[in-house]
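Input: a single structure, listed below in structure tokens.
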Amino acid sequence: MADTAAGDSGTSLEQRLDAMLEIERFDPSQQFREQALLSDPAVYERAARDPQGWWAEQAEALDWFERWDTVLDDSEPPFYKWFTGGKLNVSYNCLDRHVDAGRGDRVAYHWRGEEGERRDVTYAELHRDVQRFANALKDLGVQQGDVVGIYLPMIPEVVVAMLACARIGAPHNVVFGGFSAESVKERMEFSEAKVLVTVDGARRKGKTAPIKATVDEHMGDLASLKTVVVVRHARLDGVPMTAGRDVWFDEVCAAAAADCPAEPLDAEHPLFILYTSGSTASPKGILHTTGGYLTGVAATHRYVFDLKPDEDVWWCAADVGWITGHSYIVYGPLANGATSVMWEGAPDYPHKGIWWEVAEETRATLLYAAPTAIRTFMKWGHEIPERYDLSALRLLGSVGEPINPKAWLWYHQVIGGGRCPIVDTWWQTETGAIMITPLPGITSTKPGSATTPFPGVAAEVVGEGDGEPIDSGQGLLVLTQPWPSMLRTLYKEDERFVETYFARFGKERYLVGDAARRDRDGYLWIIGRIDDVVNVSGHRLSTAEVESAIVAHEKVAEAAVIGQSDEDTGQAICAFVTLNGEIEGTDELIAEIGAVVAERIGKFARPKRIIWADDLPKTRSGKIMRRLLRDIAEGRALGDVTTLRDPSVMASLESQIKDAQ
Ligand code: WT7
């Protein structure tokens with residue numbers, strides 16, 4: 001019998017979780033192992049012996065119009081190619097083959113809207129809508145290779161738009177709805193998008209944001225952008241539509257032909273670009289292609305989550321605008337013919353139990369969420385989820401940032417009733433699919449560790465200085481073997497691609513950008529980014545990007561941003577700001593700076609804390625020493641200050657912080 005979460009023997013949940021922190025390992029239950037897709041550890045050796053053979057086997061689970069000649073073309077590292085000579089179509093694999101096999105009536109998405117709306121979209125309906133919109137895109141002049149921007153909230157149309165692009169070979173460039181219109185413009189400009197698909201308005205916690213009107217204000221004159229397609233969702237009145245440029249989604253679909261055969265595309269045809277943050281202020285356009293990407297996401301979705309498409313109800317509680325949504329709301333689940341939950345809204349609207357209400361009502365069996373959400377639920381109290389029937393759940397996943405053991409245990413006990421294995425999955429926008437993870441029917445898990453690489457993936461922890469593999473200890477994480485779903489390049493920036501990922505340890509070793517520890521059992525513990533990337537609630541931000549937004553305020557002379565560790569959001573943005581001349585830091589100014597950041601990047605990037613600084617600690621060559629700023633912000637003893645141009649800066653910063661408290 002499964003454990004229940006609340007203390008039934010007089011001990012509090014808190015005490016029980018504390019006692020459990022001592023437990024090192026959680027083995028898969030016999031019951032889970034017996035029914036698991038993978039339960040024999042020999043799979044690891046098999047994949048290690050012949051990684052290409054293993055990945056080819058995974059690719060065979062897809063439908064190909066033409067089989068590949070070569071599994072891996074590594075003649076020009078680090079520009080690896082997979083399944084060359086093969087032809088397939090992602091949208092065909094996600095839709096047609098399920099419909100053709102008589103599964104058209106299966107629900108692809110149980111969509112649940114903020115105001116209690118329910119829309120169950122079947123595979124057949126998606127297939128119909130995708131064909132129409134694919135034809136509409138063609139009617140609008142979109143050709144194979146043209147980039148289509150997508151800026152939509154969590155509604156089924158976002159999936160329709162993505163798959164329609166995939167159907168005709170037009171790479172999409174989705175921008176997360178939390179990014180500002182200014183960021184959308186930047187990303188459309190960088191990718192030279194021809195069409196942008198957006199929405200009249202987006203709903204969030206009972207309020208409606210006029211997306212189309214805001215996009216118009218910021219879009220300016222983008223020579224490449226010919227058409228803006230607007231989905232009616234919030235039913236706003238007076239949506240500005242520019243004649244000759246803007247069209248309604250429903251109208252172009254109605255005017256388009258019904259049949260649109262899926263285009264046979266090269267395995268290496270670009271599927272999408274997704275911008276993400278790096279060390280510098282300019283975002284990186286991660287490019288993913290067709291055959292390898294779909295192989296990676298379908299295989300990991302099936303095996304990491306032990307997916308049984310005929311029985312499971314899958315819920316990835318991310319936003320489609322991030323890679324997690326691309327791979328595990330859209331492509332992986334649809335390629336596998338799964339039934340998914342798609343939740344439009346926030347976790348606390350209309351009430352703090354809404355996730356569990358949706359999980360109960362849809363009988364969700366597999367849930368994939370971020371640690372920041374789990375910590376939030378933990379803070380709200382176990383009484384809330386305990387009001388719902390979560391007995392259908394059989395596996396839980398975590399993604400986006402390290403999960404602290406306490407949150408892991410709470411998730412396991414309170415949400416999973418003590419019976420659900422937890423898979424802590426490490427990966428990145430760049431890797432396309434999950435790389436380091438337990439296999440739930442095999443791996444004995446340790447709370448806080450993402451455990452070991454997925455079969456066919458090879459990772460090492462290496463010394464920061466010498467690059468030598470570290471058997472047990474801390475160093476930098478590298479992936480030492482190409483994998484099918486890896487990024488192919490940074491869009492139109494091949495050199496930056498090589499420089500960012502393959503300059504430090506050579507073309508055979510992909511530099512992840514995370515520090516990690518390898519323990520004596522070979523388990524990997526991700527520590528966090530080594531570059532100037534901050535992870536706020538699983539949202540990846542570059543400090544340089546936030547700094548350049550802050551200095552755009554006319555009163556700001558200089559800014560340095562760091563990620564300060566934060567109980568709720570993992571990391572939080574903390575900005576040290578130097579003002580021009582004699583200007584005094586005020587609360588109004590803090591609000592104004594927050595507004596500039598919201599406008600330039602998005603609300604989620606607003607600093608949680610602003611510290612006024614007369615000067616910033618810099619090396620003799622003028623580089624800001626963020627390490628010292630982190631020490632100060634987190635109240636630690638200062639590290640070495642001898643390399644500073646002016647060591648007295650630190651003392652005055654410390655006194656400024658004291659004054660403010
Ligand atoms: C960075 C990638 C993977 C999809 C969501 C984020 C951190 C991700 C974990 C994990 C510890 C994790 C890493 C990574 N990260 N998953 N399970 N444990 N850290 O994708 O925005 O590209 O960010 O997120 O630092 O490098 P992303």
Side-chain angles (χ1 to χ4, degrees), residues 174-176 178-179 272-279 283-288 296-297 300-301 304 316-332 368-375 396-405 407-408 411 422-438 443 445-454 457 459 461 476-479 485-487 490 500-501 510-517 523-542 545 563 565 569-571 602 604-605:
V174 179
V175 183
F176 166 56
F179 276 115
F272 66 84
I273 306 161
L274 183 57
Y275 281 87
T276 188
S277 298
S279 302
K284 303 186 287 195
I286 307 295
L287 180 77
H288 283 289
V297 297
T300 50
H301 182 243
V304 172
C316 168
D319 190 285
V320 275
W322 302 106
I323 191 70
T324 310
H326 281 57
S327 299
Y328 299 108
I329 294 177
V330 183
Y331 293 116
Y368 192 32
T372 179
I374 299 159
R375 285 192 299 267
L396 303 171
S398 171
V399 60
E401 46 172 322
I403 178 162
N404 47 309
W408 193 105
Y411 198 26
I422 293 192
V423 289
D424 174 1
T425 62
W426 176 90
W427 58 295
Q428 312 176 292
T429 308
E430 289 89 337
T431 69
I434 293 167
M435 294 281 108
I436 302 175
T437 177
T443 313
T445 52
K446 302 184 190 185
S449 168
T451 74
T452 60
F454 185 78
V457 174
V461 172
L476 305 183
L477 184 64
V478 290
L479 300 176
S485 65
M486 69 193 290
L487 78 165
L490 296 179
T500 309
Y501 306 104
Y510 166 85
L511 179 72
V512 155
D514 281 338
R517 183 167 66 83
Y523 278 45
L524 297 163
W525 301 73
I526 311 299
I527 292 162
R529 304 286 312 189
I530 51 161
D531 48 10
D532 296 320
V533 170
V534 182
N535 189 329
V536 181
S537 301
H539 296 164
R540 183 166 153 180
L541 280 165
S542 102
E545 218 173 330
S565 49
T569 56
Q571 285 187 305
F604 67 94

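Every number for a ligand or one of its atoms is a count from 1 in the order of the listing. Keep in mind that the numbers below use all heavy atoms, side chains included, and drop hydrogens, waters and symmetry copies.
- Checked by distance only, ligand 1 and Ser398 stay at 3.5 Å or farther apart across all their nitrogen or oxygen atoms.
- In this structure, the side chain of Gln428 engages the main chain of Val512 through a donor-acceptor pair within 3.5 Å.
- Closest to atom 3 (C) of ligand 1, if we only count protein heavy atoms, is Trp427 O, 3.0 Å.
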Practice item. Could you walk me through whether Val174 and Phe272 pass side chain to side chain contact (heavy atoms under 4.5 Å, CB included), step by step? Key: CA-CA 8 Å; Val174 179; Phe272 66 84; over 6 Å; no
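- The shortest distance between side-chain heavy atoms of Arg540 and Arg529 falls below 4.5 Å.
- Scanning for side chain to side chain donor-acceptor pair (under 3.5 Å) contacts around Thr425 gives Tyr368, with sequence neighbours left out.
- Between the side chain of Glu430 and the backbone N or O of Met486 there is no donor-acceptor pair closer than 3.5 Å.
- Remark: ligand 1 atoms within the under-4.0 Å shell around heavy atoms of Val399 are 3 (C), 4 (C).
- Scanning the protein heavy atoms around atom 4 (C) of ligand 1, the nearest turns out to be Thr324 OG1, 3.2 Å.
- Scanning the protein for heavy atoms near atom 11 (C) of ligand 1, the closest one is Pro402 N, 3.1 Å.
- Considering only non-hydrogen atoms, atom 18 (N) of ligand 1 lies nearest to Glu401 out of Glu401, His326, Met435, Arg540.
- For Asn535, every heavy-atom contact with ligand 1 shorter than 4.0 Å involves the side chain, none the backbone.
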Exercise for review: Evaluate the criterion side chain to side chain contact (heavy atoms under 4.5 Å, CB included) for residue pair Asp514 and Ile530; output intermediate values, then yes/no.
Suggested key: CA-CA 5 Å; Asp514 281 338; Ile530 51 161; over 6 Å; no
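- Under 4.0 Å from ligand 1, the heavy atoms of Ile323 that appear belong solely to its side chain.
- Here Arg529 has side-chain heavy atoms under 4.0 Å from ligand 1, and that is the only part of it that gets that close.
- Closest heavy-atom approach to atom 6 (C) of ligand 1 among the candidates Gly400, Gly570, Pro371: Gly400.
- Between Phe604 and Phe176, the ring center distance clears the sub-6.0 Å criterion.
- Ranking the protein heavy atoms by distance from atom 14 (C) of ligand 1 puts Asp514 OD2, 3.2 Å first.
- Looking at ligand 1, you'll find an N or O of Asp424 within less than 3.5 Å of one of its N or O atoms.
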With a 3.5 Å cut-off and sequence neighbours excluded, list the donor-acceptor pairs that the side chains of residues 320-330 form with protein atoms.
residue: His326; atom: ND1; partner: Val320; partner atom: O; Å: 2.9
residue: His326; atom: ND1; partner: Trp322; partner atom: O; Å: 3.1
residue: Ser327; atom: OG; partner: Tyr293; partner atom: OH; Å: 2.7
residue: Ser327; atom: OG; partner: Ile323; partner atom: O; Å: 3.4
residue: Ser327; atom: OG; partner: Gly432; partner atom: O; Å: 2.7
residue: Tyr328; atom: OH; partner: Thr300; partner atom: OG1; Å: 2.6
residue: Tyr328; atom: OH; partner: Ile434; partner atom: N; Å: 3.0

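- Panel note: side chain His288, backbone Ile273; no donor-acceptor pair is recorded below 3.5 Å.
- Within ligand 1, the atoms closer than 4.0 Å to a non-hydrogen atom of Ile526 are 11 (C), 19 (N), numbered from 1 in the order shown.
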